[in-house]
Amino acid sequence: MRVSNLFFATQREVPADAEIPSHKLMLRAGLIRKMSSGIYAYMPMGFKVYKNVERVIREEMDRAGAQELIMPALLPAEAYQASGRWEKFGPEMFRMSDRGGRPFCLGPTHEEPFTEAVRDTFRSYKNLPVTLYQIQHKYRDEKRPRFGVIRSREFVMKDAYSFDVDEAGLDKSYKIMYDAYRRIFDRLGLDYTVVDADSGAMGGSGSQEFMVKSPIGEDAICFCDACGYAANEEKASCKEGEADTSVELPIEKIKTPDAKTIEELVAFLNTTPDKFVKTILYNIDGKIVAAMVRGDRDINETKLGNIYDATEMDLASFEDVERITGAKVGFAGPVGLKEKIEVVMDSEVALLKNFIVGACETDYHFKNVNVGRDFTPDVVKDIKNVKSGDLCPKCGKPLGMARGVEVGHIFKLGTKYSDSLGCVYLDKEGKEHSMVMGCYGIGVSRTIAAIIEQYNDEDGIKWPAIAAPYKVIVIPTKTNDEEVMGLAEKLYNAYIDAGYETLIDDRNERPGVKFKDADLLGIPLRVTVGRRAAEGIVELKYRMDGAVEEADFDAALAAAGKIK
RNA sequence: CGAGGUGUAGCGCAGUUGGUAGCGUACGUGCUUUGGGAGCAUGGGGUCGCAGGUUCGAAUCCUGUCACCUCGACCA
């Protein structure tokens, strides 16, 4: 491709609304164009990268035996109504109706149509297992789109679905996808971690996320260097301490004026946060629930929500808190609640003795409170967030925390969708069973951003060769010099003949302009034809490590095979 | 959902007490330049987010509305 014909424009100035390196660089390099908040167009240069990433995914999915098809993005409501997700997705789903008033949505994820397709096509155990996939646009009306294509409302996702006769079959299909995912992200050059994850709105029995470690990541991940345990914060657990065996002291009401936060109480009572148990009221799908964790802990809303299979969950309103506790906000506790509500207590609290809680009376707390004697929780479960330094649930060594961008997520779904949509097969005895499903997603758009996050410098993007829009750029420094142009053209044609996607920057621009653009675009190999063109010598520069060398024609051609 | 901010040329921005819009960059043309975003000259490009209102006159003041961005979403 001749740069003089290329539909692109690089920008010197950073658009005002970009925050993170990948977003800034994608805009500056002209890879994408924003059409609306969280909605982007891919320009030719960006689309090349997109297709490269897509190609790697497709190759590995095909190699793993998955079959590609494509579902509509625009889907009728029925399937989602049958699975219950028409309601469950809530406002995240883009909804519309046709001229006759029939409800439709833009697919946020496609378990339902895939399940229906398999249901209507296969009826026998002999047909299974089967794994299908598509690479498709997905639509989610995100509360707050952010970070360019990392959290957008329209995005490209590879989603695959496996159908097996039983759990053992699912385990096999899942492992095949797991291995394929590792190959995909390895080939793309990403530094990633696989973590245990919450299966969230998808439901199911187990899942893992592929996380690219990055400070801009939206997920917190927890890991153990000693044994390799790694989990999303939503899911991570830790080893709990020993039970306190102190003697239970009599409960006592203490006046704590104006002390309603843990910090204020710690200062007021001259003690430490772990002597408290805080009680927080949540509104979970309209039902008020009290959640209790130790004072130095945070509640993990995912874990709490899972107990109630929550769709919508929020802190209870001030009015609800005041009515139920009979006190101003800040003095909630499990003892003396004015209304009977469910109390969920973190399992760690069960180990404590003689702790402090709000007294359900403004300006008062109870001290020496004990579980069983003073109150009885309805549920005792792990509902806390793990922190750095907590002990690994597997090996007991200290855990660390990091941030990550979720580029892939694999789930064991089980029969959730096959049950609700009637996706069954007949076994050897002619008996009906629900198929056992798995689903497997890769965010194509955000994978592109994740690559840039890992490979960039102050001059621009540094594409790994496999993702690069073009592998080589030939830059003649003088377009009016026949010797220079002759050699440049000859090299350009030789690269193309050898099968490398190549650019020749034949614009009548100063060399500096061309170098800046080549750096910003991140082309892995830059071949400058200039000063020593008459001798047949060119300069090679590798974008990834900045190495520079001189080479003759053959060496320059051979260099394209070495870029990574 | 709550709060704040911003909408003026492709991009980044200025525009004072209201008087009909400007700078940088990018773009066109000419000359000079040609190994890290050149110099000089010259030119084109804007219904000032949208709709009302006040006024002789509104980018500017008022009201409404839309879009975009950021932070927050209560740890009692």
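To find a chain, count down the sequence lines: A is the first, B the second, and so on, and within it residues start at 1.
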Which nucleotide in the set [options] lies at the smallest distance from any side-chain heavy atom of [X]?
| X | options | answer |
| --- | --- | --- |
| E301(A) | U25(B), A73(B), C75(B) | C75(B) |
| K516(A) | G35(B), G37(B), C71(B) | G37(B) |
| Q11(A) | U34(B), G37(B), C11(B) | C11(B) |
| D314(A) | G35(B), A73(B), G12(B) | A73(B) |

Can you list the stems that include RNA chain B, where a stem is three or more consecutive Watson-Crick or G-U pairs with distances under 3.5 Å?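 Counting only runs of 3 or more consecutive pairs, the stems involving RNA chain B are B:1-7 with B:66-72, B:10-13 with B:22-25, B:27-32 with B:38-43, B:49-53 with B:61-65.
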Taking only the side-chain nitrogens and oxygens of [X], find out if one of them lies under 4.0 Å from OP1 or OP2 of [N].
| X | N | result |
| --- | --- | --- |
| K34(A) | C69(B) | yes |
| R12(A) | G12(B) | no |
| R510(A) | A38(B) | yes |
| S36(A) | C68(B) | yes |

Tell me: [atom1] of [X] to [atom2] of [N], nearest whole Å?
| X | N | atom1 | atom2 | answer |
| --- | --- | --- | --- | --- |
| M313(A) | A73(B) | CE | C1' | 13 Å |
| K24(A) | G12(B) | NZ | P | 13 Å |
| K478(A) | G36(B) | NZ | P | 12 Å |
| E319(A) | C74(B) | CD | C1' | 12 Å |
| H23(A) | C11(B) | NE2 | P | 13 Å |
| E13(A) | G24(B) | CD | C1' | 7 Å |
| I216(A) | U70(B) | CD1 | P | 13 Å |
| E458(A) | G37(B) | CD | P | 15 Å |

I'd like to know whether NZ of K353(A) has more than 12 heavy-atom contacts from other residues, nucleotides or ligands below 6.0 angstrom.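 For K353(A), atom NZ is crowded (more than 12 foreign heavy atoms under 6.0 Å).
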What interatomic distance, in whole Å, is found between [atom1] of [M] and the corresponding atom of [N]?
| N | M | atom1 | answer |
| --- | --- | --- | --- |
| C56(B) | G39(B) | P | 49 Å |
| A9(B) | U65(B) | C1' | 25 Å |
| G37(B) | G52(B) | P | 50 Å |
| U63(B) | G46(B) | C1' | 26 Å |
| U32(B) | C13(B) | P | 37 Å |
| C71(B) | U29(B) | C1' | 48 Å |
| A51(B) | G7(B) | C1' | 16 Å |
| A58(B) | G53(B) | C1' | 11 Å |

Is it the case that E240(A) and S347(A) place a side-chain donor and acceptor less than 3.5 Å from each other?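 Short answer, yes.
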Going by distance alone, is a donor N or O of one side chain under 3.5 Å from an acceptor N or O of the other, for E301(A) and Y282(A)?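 Looking only at side-chain atoms, Y282(A) and E301(A) do form a donor-acceptor pair, the distance falling under 3.5 Å.
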May I ask you to check if K48(A) and Y470(A) form a cation-pi contact, with NZ or CZ under 6.0 angstrom from the six-membered ring centre and within 45° of the axis?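 The answer is yes, since K48(A) meets both limits relative to Y470(A).
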Under 6.0 Å from the ring centre and within 45 degrees of the ring axis: does the NZ or CZ of K213(A) meet both conditions for the six-membered ring of F223(A)?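 Positive - K213(A) is close enough to the ring of F223(A) and near enough to its axis.
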Answer yes or no: side-chain N or O of D459(A) and base N or O of G36(B) forming a donor-acceptor pair under 3.5 Å.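 Counting by modelled atom types and ignoring angles, no donor-acceptor contact under 3.5 Å is found here.
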Determine whether a donor-acceptor pair (one donor, one acceptor, N or O, separation below 3.5 Å) exists between the side chain of E509(A) and the base of G37(B).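 Checked by distance alone, the answer is no.
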How would you label the contact of [X] with the nucleic acid (heavy atoms, under 4.0 Å): base, sugar-phosphate, or nothing?
| X | value |
| --- | --- |
| L281(A) | base |
| E19(A) | sugar-phosphate |
| K541(A) | base |
| S37(A) | sugar-phosphate |
| R144(A) | base |
| R33(A) | nothing |
| G358(A) | nothing |
| D17(A) | sugar-phosphate |
| R28(A) | base |
| V293(A) | nothing |
| D517(A) | base |

[Y] backbone acceptor or donor facing [X] side chain under 3.5 Å:
| X | Y | result |
| --- | --- | --- |
| K275(A) | V266(A) | no |
| S317(A) | D320(A) | yes |
| R543(A) | D519(A) | yes |

Tell me which of T279(A) and L520(A) sits closer to the 5' end of RNA chain B, going by the nucleotide each one is nearest to.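 The 5'-side residue here is L520(A).
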Nearest-nucleotide comparison on RNA chain B, the residue closer to the 5′ end among I299(A) and P15(A):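 On the 5' side of the pair lies P15(A).
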With sequence neighbours left out, write down each residue that passes ring-ring contact (aromatic ring centres under 6.0 Å, His included) with F47(A), or none if nothing qualifies.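 Residues passing ring-ring contact (aromatic ring centres under 6.0 Å, His included) with F47(A): Y50(A).
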For the rings on F155(A) and H137(A), is their centre-to-centre separation under 6.0 Å?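 Judged by ring-centre distance (under 6.0 Å), F155(A) and H137(A) do not meet the cut-off.
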Residue among D296(A), D274(A), D298(A) satisfying salt bridge (charged side-chain N to carboxylate O under 4.0 Å, His left out) with K387(A):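 So the option named by the test is D296(A).
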